[in-house]
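Below: one structure, written as structure tokens.
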Amino acid sequence: MGSIVAFDLGASSGRAMLGRLTDGKIEITELHRFTNDPVQVGDRLHWDILRLYHEIKQALILAKNKGIEIDSIGIDSWAVDFGFIGPNGELVGNPYHYRDRHTEGMMEKLFARIPASEIFARTGIQFLQFNTIFQLFALKEAGSPWLQKENRLLMIPDLLRYFLTGEMHNEFSNATTTQLFNPATGSWDRELLKQLDLPESWFGEVLQPGSKAGMLQASVCEELGVPSIPVFAVAEHDTGSAVAAVPATDRSFAYLSCGTWSLMGTEVQEPVINELAQELNFTNEGGAYGTYRLLKNIMGLWILNESRREWEKTGKSYSFPELVKLAGEAKPFQSFIDPDDSLFLAPGDMPSRIEQYCRQTGQQAPETAGEFVRCILESLALKYRYVLEMTERLSGQSFNGLHMVGGGIQNTLLCQWSANAIGKPVWAGPSEGSALGNLAVQWIAQGVFKDIWEARQAIRDSFPVTEYMPEAQAEWGAAYGRFCKLTGIAE
């Protein structure tokens with residue numbers, strides 16, 4: 001088999017992963033890795049979208065120089081963020097970062113115009129202040145010059161595909177995260193757009209994962225000295241790709257895509273849109289091959305990453321293995337946080353915010369790095385239990401364990417504590433979930449695999465999965481009761 005490339009872009013780094021099939025086994029190689037650093041300009045936080053495009057081109061040059069012939073390309077990234085292409089075909093401004101503060105207070109303002117219950121009934125998407133709908137509303141409130149009727153709105157992978165191919169398409173899994181897509185009609189919600197005074201012309205054809213989205217355009221081929229290569233729309237929200245790569249054997253399974261964000265849920269054939277789903281703030285995001293991802297966003301390892309960055313500013317440099325070791329040595333169950341408290345959304349001094357949270361909830365705050373990290377990881381594991389139980393309740397399913405995928409599974413302490421917290425086995429692997437799901441959809445589109453389940457079987461046969469069995473059930477059960485009471489997440 002030839003080689004294909006998955007561009008997998010995360011909130012802090014991106015990479016080009018080369019995929020090959022040999023005797024039915026998947027082999028992946030990191031072709032190129034690069035940082036993805038947000039850029040603060042005045043009061044606004046932006047993505048450096050042109051730098052990301054540059055790095056994609058560098059990966060293609062690297063492949064050419066190594067004599068690698070690429071059969072196809074797919075791109076996945078984080079969700080909700082977007083840019084505009086003007087009528088002259090050029091980018092209108094650098095896209096805002098979802099952690100920019102311009103959406104603060106916009107949810108409440110918008111709900112005064114359109115009830116939250118109506119928005120949820122139309123879209124099935126959970127309410128997060130950085131969702132595309134609230135970003136666009138914030139831009140309108142600010143009178144942004146970006147909002148010209150002649151423009152086209154493209155999500156981050158859509159933008160990068162456009163730069164490569166010259167073709168403008170929106171992709172299904174990312175389109176659903178805008179909270180402007182109606183799963184009942186399978187298209188953009190015209191009524192919502194009308195109520196928000198957003199031109200329908202901004203929103204184009206929605207491609208399903210596995211659709212061909214164009215070829216490298218002549219100008220790119222000439223610049224890079226490469227032949228034209230097919231570009232496929234994959235499940236372009238990286239969680240959609242990660243779920244496509246879950247090596248499950250049972251059609252009913254629970255997953256946790258673990259990284260900067262933790263996204264936990266299950267795969268369903270139809271969205272679950274009812275009062276309970278809205279009350280629990282679950283979401284129904286598009287997946288591969290007509291599926292939906294009934295899931296909930298959890299803040300994830302972002303809090304740990306930001307804490308580490310803060311310590312580095314004060315001259316205390318820790319590797320992640322060192323921090324995990326210190327956490328393992330710290331006293332258990334001393335303090336808890338709700339990882340999804342709004343205190344922890346914006347970049348900044350997380351240790352100080354953890355101290356503030358503990359003071360507000362009558363707890364003794366951590367003091368050492370190990371105690372802070374233990375607080376973060378235990379709180380994440382206990383929040384996973386809560387969300388898993390809510391997923392079972394909403395989906396009407398009972399899961400015999402949890403599949404964890406993504407880079408976060410390299411934190412073996414978090415994997416073990418997650419098993420302890422949920423009282424069920426955790427199956428951790430593969431770590432390259434998003435890239436593998438991206439590759440899998442490309443291979444299905446080429447007819448190499450007949451469907452997603454054959455692709456999952458190949459992933460299961462190609463990469464190790466580590467099983468973590470629950471331990472110390474009585475202690476973790478008691479800790480869960482305290483966690484729920486202190487954080488107020490459950491009665």
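Here the structure is a predicted model, which is why all the values come from computation and not from measurement.
When the salt bridge (charged side-chain N to carboxylate O under 4.0 Å, His left out) test is applied to E171, no partner is found at least two apart in sequence or on another chain.
No donor-acceptor pair closer than 3.5 Å links the side chain of T123 to the backbone N or O of L180. Proximity of a side-chain donor or acceptor of N281 to a complementary backbone N or O of Q126 within less than 3.5 Å is not detected. In this structure, the side chain of T132 engages the main chain of V80 through a donor-acceptor pair within 3.5 Å. A donor-acceptor pair under 3.5 Å links the side-chain atoms of N284 to the main chain of V272, judged by distance alone. S462 places no side-chain N or O within 3.5 Å of a backbone atom of K25 that could act as its donor or acceptor partner. Panel note: side chain T103, backbone Q129; a donor-acceptor pair is recorded below 3.5 Å. With R353 contributing its side chain and F344 its backbone, the two residues share no donor-acceptor pair below 3.5 Å.
Shortest non-hydrogen contact noted between V234 and G74 is CG1-CA, 4.1 Å.
Ion pair E191/R122 not flagged as a salt bridge, since none of the NZ, NE, NH1 or NH2 atoms sits closer than 4.0 Å to an Asp/Glu carboxylate oxygen. Between K313 and E310 a salt bridge is recorded (basic side-chain N to carboxylate O distance below 4.0 Å).
F130 is listed as a side-chain neighbour of L345, based on a closest heavy-atom distance under 4.5 Å. Within the 4.5 Å cutoff, the side chain of T178 has heavy atoms near those of the M155 side chain. With contacts defined as side-chain heavy-atom distances shorter than 4.5 Å, the pair Y53/L164 qualifies.
Pairs passing the side-chain hydrogen bond (donor to acceptor under 3.5 Å, both in side chains) check and including a residue from residues 429-439, sequence neighbours excluded, read R15-E432, D76-N438, N438-Q442.
Taking a 6.0 Å sphere around CG of D43, one finds it holds 12 or fewer heavy atoms contributed by other residues, nucleotides or ligands. Annotation: Q195, atom CD; neighbour count of heavy atoms from other residues, nucleotides and ligands within 6.0 Å is above 12.
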Open item on the list: Run Q148 and F84 through side chain to side chain contact (heavy atoms under 4.5 Å, CB included) and show every step you take.
Closed with: CA-CA 9 Å; Q148 303 301 314; F84 284 103; over 6 Å; no
TODO: Show your working on salt bridge (charged side-chain N to carboxylate O under 4.0 Å, His left out) between R20 and E27 and close with a plain yes or no.
DONE: CA-CA 5 Å; R20 293 189 179 96; E27 299 171 355; 5.4 Å; no
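The side-chain tip of R456 points at the ring of W453 from less than 6.0 angstrom away and within 45° of straight on. A cation-pi contact, defined as under 6.0 Å to the ring centre and within 45° of the axis, links R44 to Y96.
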Do any side-chain atoms of residues 214-223 form donor-acceptor pairs under 3.5 angstrom with protein atoms, and if so which ones, sequence neighbours left out?
| residue | atom | partner | partner atom | Å |
| --- | --- | --- | --- | --- |
| Q217 | NE2 | F163 | O | 3.0 |
| E223 | OE1 | K57 | NZ | 3.3 |
| E223 | OE2 | K57 | NZ | 2.9 |

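Between F127 and the options I133, I119, T283, a side chain to side chain contact (heavy atoms under 4.5 Å, CB included) holds for only I119.
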